[in-house]
Amino acid sequence: MEELTIKILSYPLSDEFLKQEVEKLLHESFNTSPRANIQEVKDAHYSAPAEYILISKNTELVGIQMIFLREAVFENQHIIIGGLGGLCVKEEFRGRGIARQLLSIAMEEMKRLSCDISMLFTNVHNPQYVKLYNTYGFQILDREYMFINRVGKVCKAKSAMIAPVNSEEKYERIFHSSGSLDIGAGEW
Ligand SMILES: CC(C)(COP(=O)(O)OP(=O)(O)OC[C@H]1O[C@@H](n2cnc3c(N)ncnc32)[C@H](O)[C@@H]1OP(=O)(O)O)[C@@H](O)C(=O)NCCC(=O)NCCS
C-alpha cells in the first residue's frame with residue numbers, strides 16, 4: 001500500500017515550495033475549464049482559507065482541501081460556517097479514495113474549529129458530486145444565498161450544499177427556512 005502523508009496547515013503557507021505546489025495543483029484542477037475564466041466566476045472567489053488539508057506522496061502533493069471560516073447572522077442567530085473549497089486530486093491519483101479521505105478529515109477539522117455548519121459550492125446538477133458530498137451529510141440548499149463579490153456587487157446564486165457540523169439545530173433552521181442566507185465576502 002502506498003504511503004501518503006497528511007498535513008493540516010494554517011494560512012499562509014510558510015514553505016515556499018509547498019505554496020507553489022498548492023497553486024499549481026489548484027490551477028491544473030480548476031483554472032483550465034472555460035467556466036473558470038468567466039469574469040463573474042473569478043470575481044466570486046477572493047477569500048483566503050483558514051487552513052489547508054494536504055495529502056502528499058513522498059514530496060509530491062497529490063490532494064488539497066481548503067477550509068474557509070465565515071461568520072454570518074441568519075434570522076438573528078450567529079452562525080460559524082466552515083466553508084469547503086478547492087477539493088482536488090492530481091489526475092494520476094484519482095479514483096483511489098483520496099478525495100474521500102480529504103473530506104473525512106475536513107469534517108473532523110471543522111468540528112474542532114467550532115463550525116456550526118459547513119457549506120460548499122459545486123455543480124449541483126452533477127450527480128457524482130452530489131453523491132460524493134451526500135455521504136458527508138451535505139444536502140443541496142434549494143434556494144438562493146447572497147454574497148458580495150470582489151468588486152462590491154451583491155450577487156445571488158443557487159449552487160450550494162450544506163451539512164451540519166456542531167449544530168444540527170442551526171443546520172435545520174437554515175435548510176428549512178425561506179430566508180436568504182447572506183454569506184458575506186464571496187463564495188470563499
Ligand atoms: C472530484 C475529485 C476531487 C475526486 O477525487 P478522487 O480522489 O478521484 O475521488 P475518490 O477516489 O475519493 O472518489 C470519491 C467519489 O468521487 C466521485 N468522483 C470521482 N471522480 C469524479 C469526477 N471526475 N467528477 C465527479 N465525481 C467524481 C466518485 O463517484 C467517487 O464516488 P464513490 O466513492 O462512490 O465511487 C477529482 O476528480 C478532481 O480533483 N477533480 C477536479 C476538481 C474538482 O472537480 N473538484 C471538485 C470541486 S466541487
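Each ligand, and each atom within it, is numbered from 1 in the order the structure gives. The model shown is predicted, which means the values in this text are computed figures rather than measured ones.
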Ile38: which other cluster members, linking ILVMFWY side chains closer than 4.5 Å, directly or transitively?
Val41

Please compare Phe121, Phe93, Phe30 and report which has the shortest non-hydrogen distance to atom 42 (C) of ligand 1.
Phe30

A student comparing Glu91, Arg94, Arg96 should find that the heavy atom closest to atom 37 (O) of ligand 1 comes from Arg94

Tell me which one of Lys90, Gln101, Gln65, Arg100 gets a heavy atom nearest to atom 30 (C) of ligand 1.
Arg100

Regarding atom 39 (O) of ligand 1: of the candidates Thr135, Val89, Leu132, which has the closest heavy atom?
Val89

State whether a side-chain donor-acceptor pair under 3.5 Å links Ser159 with Tyr145.
yes

Nearest protein heavy atom with distance in Å, relative to atom 11 (O) of ligand 1:
Gly97 N, 2.7 Å

Closest to atom 5 (O) of ligand 1 (judged by heavy-atom distance), picking from Ser104, Cys88, Ala99, Ser159:
Ala99

among protein heavy atoms, the one nearest atom 45 (N) of ligand 1 is Leu87 O, 2.8 Å

Is there a donor-acceptor contact under 3.5 Å from the side chain of Arg70 to the main chain of Ile81?
no

With side chains defined as the heavy atoms from C-beta onward, is the minimum distance between Leu141 and Val124 less than 4.5 Å?
no

For Ile98, the ligand 1 atoms with a heavy-atom partner under 4.0 Å come out as 7 (O), 12 (O)

Under a 3.5 Å cutoff, is there a donor and acceptor pairing between the side chains of Glu144 and Ser180?
no

Between Leu102 and Cys88 the two heavy atoms that sit nearest each other are CD1-O, 4.2 Å

Name the closest protein heavy atom to atom 8 (O) of ligand 1, giving the residue it belongs to and the distance to 0.1 Å.
Gly95 N, 2.6 Å

Residue pairs passing the salt bridge (Lys or Arg N to Asp or Glu O under 4.0 Å) test where at least one lies in residues 128-143, sequence neighbours excluded
Asp142-Lys158

Out of Lys131, Gln128, Glu28, the nearest non-hydrogen contact to atom 27 (C) of ligand 1 is supplied by Gln128

Heavy atom of the protein closest to atom 25 (C) of ligand 1 (residue, atom name, distance)
Tyr129 CE2, 3.3 Å

Residues Glu40 and Arg35 bridged, charged N to O under 4.0 Å
no

Numbered atoms of ligand 1 (with element) below 4.0 Å of Thr122, judged on heavy atoms:
48 (S)

